[in-house]
Amino acid sequence: NGRDVAAGVVDSPGASAGATVVPLGETVVVGEFAVVAGNDQPTWATAISASTNMTLNEALKYDVTTGAAVDIYLAGVAGATYAAGYTKGVQVTGTTAAKNMVVGQLLAFGTTTGTRHTYTVIEVLASTSTTTTVLLDRPLDTAVTSGDLAFPGPAGDFNVAFNRNAFAL
């Protein structure tokens, strides 16, 4: 998909709808987005136990089977310090070469439900092989410090307000 994603798989015994812990065959950083095939919802890791059991921020909507693919969206870091209310370009560094963020992609800061703020990329202002500067859908809710983990997520049409073809007359 062109984004900075690690491929993982669900370990045995899988997980049932309503579960919040998914056994993985990959190491995940708390805060990283993960999309589990069969559930297909953008969720993120709130805790890791037994080295690869990932606790999700919300319960699975659907059963997931052993061997189901998991897209883990790899964390980057904030390239500078930004004050709460900041509305200009936000730089994210540490991505894999040529897998920069894209318009419509989620970007979050924070690792707990109380500190996490999720935004949508509405414009890519600049990019190099390992750095992307993006414009977000709204001002930053809290300050972000240089070196803070930044969590790119999946891309898509999450809000019809940003898709001119969402309504037909």
Legend entry - Between OG1 on residue Thr132 and CD on residue Gln91, distance to nearest 0.5 Å: 8.5 Å
Inset, instruction - May I ask you to test the Thr55-Ile48 pair for a side-chain heavy-atom distance under 4.5 Å? - result: no
Legend entry - Side-chain donor or acceptor of Ser12 paired with backbone N/O of Thr66 under 3.5 Å: no
Inset, instruction - Give a yes or no on whether the backbone of Gly85 and the side-chain of Tyr82 come within a donor-acceptor separation of less than 3.5 Å. - result: no
Inset, instruction - Mind checking side-chain contact (heavy atoms from CB on, under 4.5 Å) for Thr115 and listing every partner two or more places apart, or none if nothing turns up? - result: Thr112
Legend entry - Backbone of Ala75 reached by a side-chain donor or acceptor of Glu32 within 3.5 Å: yes
Inset, instruction - Would you give the length of the straight line joining atom OG1 of Thr113 to atom CG of Asn57, rounded to the nearest 0.5 angstrom? - result: 8.5 Å
Legend entry - pair Val103-Ile122: side-chain heavy atoms closer than 4.5 Å: no
Inset, instruction - Can you measure from CD (Gln105) to CZ (Phe33) and round to the nearest 0.5 angstrom? - result: 9.5 Å
Legend entry - Interatomic spacing from OH in Tyr119 to CG in Leu107 - rounded to 0.5 Å: 8.5 Å
Inset, instruction - State, yes or no, whether a side-chain contact exists between Val124 and Thr133 at a heavy-atom distance under 4.5 Å. - result: no
Legend entry - ILVMFWY cluster, Val64 and Val9 together (side-chain gap under 4.5 Å): no
Legend entry - Donor-acceptor contact below 3.5 Å, side chain Asp71 vs main chain Val35: no
Legend entry - Main-chain N/O of Thr120 paired with Asp137 side-chain donor or acceptor, under 3.5 Å: yes
Inset, instruction - Any chance you could measure Leu125, atom CG, to Lys88, atom NZ, to the nearest 0.5 Å? - result: 11.5 Å
Inset, instruction - Grab the two heavy atoms, one from Val10 and one from Val36, that are nearest each other, plus how far apart they are. - result: CG2-CG1, 3.8 Å
Legend entry - Heavy-atom pair of closest approach, residues Gly89 and Leu135: N-CD1, 4.4 Å
Inset, instruction - Would you give the length of the straight line joining atom CG of Asp40 to atom NZ of Lys61, rounded to the nearest 0.5 angstrom? - result: 12.0 Å
Inset, instruction - Taking all non-hydrogen atoms of both residues into account, name the closest pair between Pro13 and Pro23 and its distance. - result: CD-CG, 4.3 Å
Using residues 140-155 as the side-chain source, report each donor-acceptor pair under 3.5 Å to any protein atom, sequence neighbours left out, with the distance given to one decimal.
{"from": "Asp141", "atom 1": "OD2", "to": "His117", "atom 2": "ND1", "distance (Å)": "3.2"}
{"from": "Asp141", "atom 1": "OD2", "to": "Arg138", "atom 2": "NH2", "distance (Å)": "3.1"}
{"from": "Asp148", "atom 1": "OD2", "to": "Thr145", "atom 2": "N", "distance (Å)": "2.8"}

Inset, instruction - Flag the pair Ile72 / Glu26 as yes when at least one side-chain heavy-atom distance between them is below 4.5 Å, and no otherwise. - result: yes
Inset, instruction - State, with a plain yes or no, whether a side-chain heavy atom of Val90 is found less than 4.5 Å away from one of Leu136. - result: yes
Legend entry - Any side-chain heavy-atom pair of Asn53 and Val22 under 4.5 Å: no
Legend entry - Test item: Trp44 and Glu58 side chains (from C-beta on) under 4.5 Å apart, heavy atoms: no
Legend entry - Any donor-acceptor N/O pair, Arg116 side chain to Gly110 backbone, under 3.5 Å: yes
Inset, instruction - Taking the side chain as every heavy atom from C-beta outward, state whether Thr93 and Thr130 have any pair of such atoms under 4.5 Å apart. - result: no
Inset, instruction - Answer with yes or no whether the hydrophobic clustering places Val21 together with Met54; edges join I, L, V, M, F, W, Y residues whose side-chain heavy atoms lie under 4.5 Å apart. - result: no
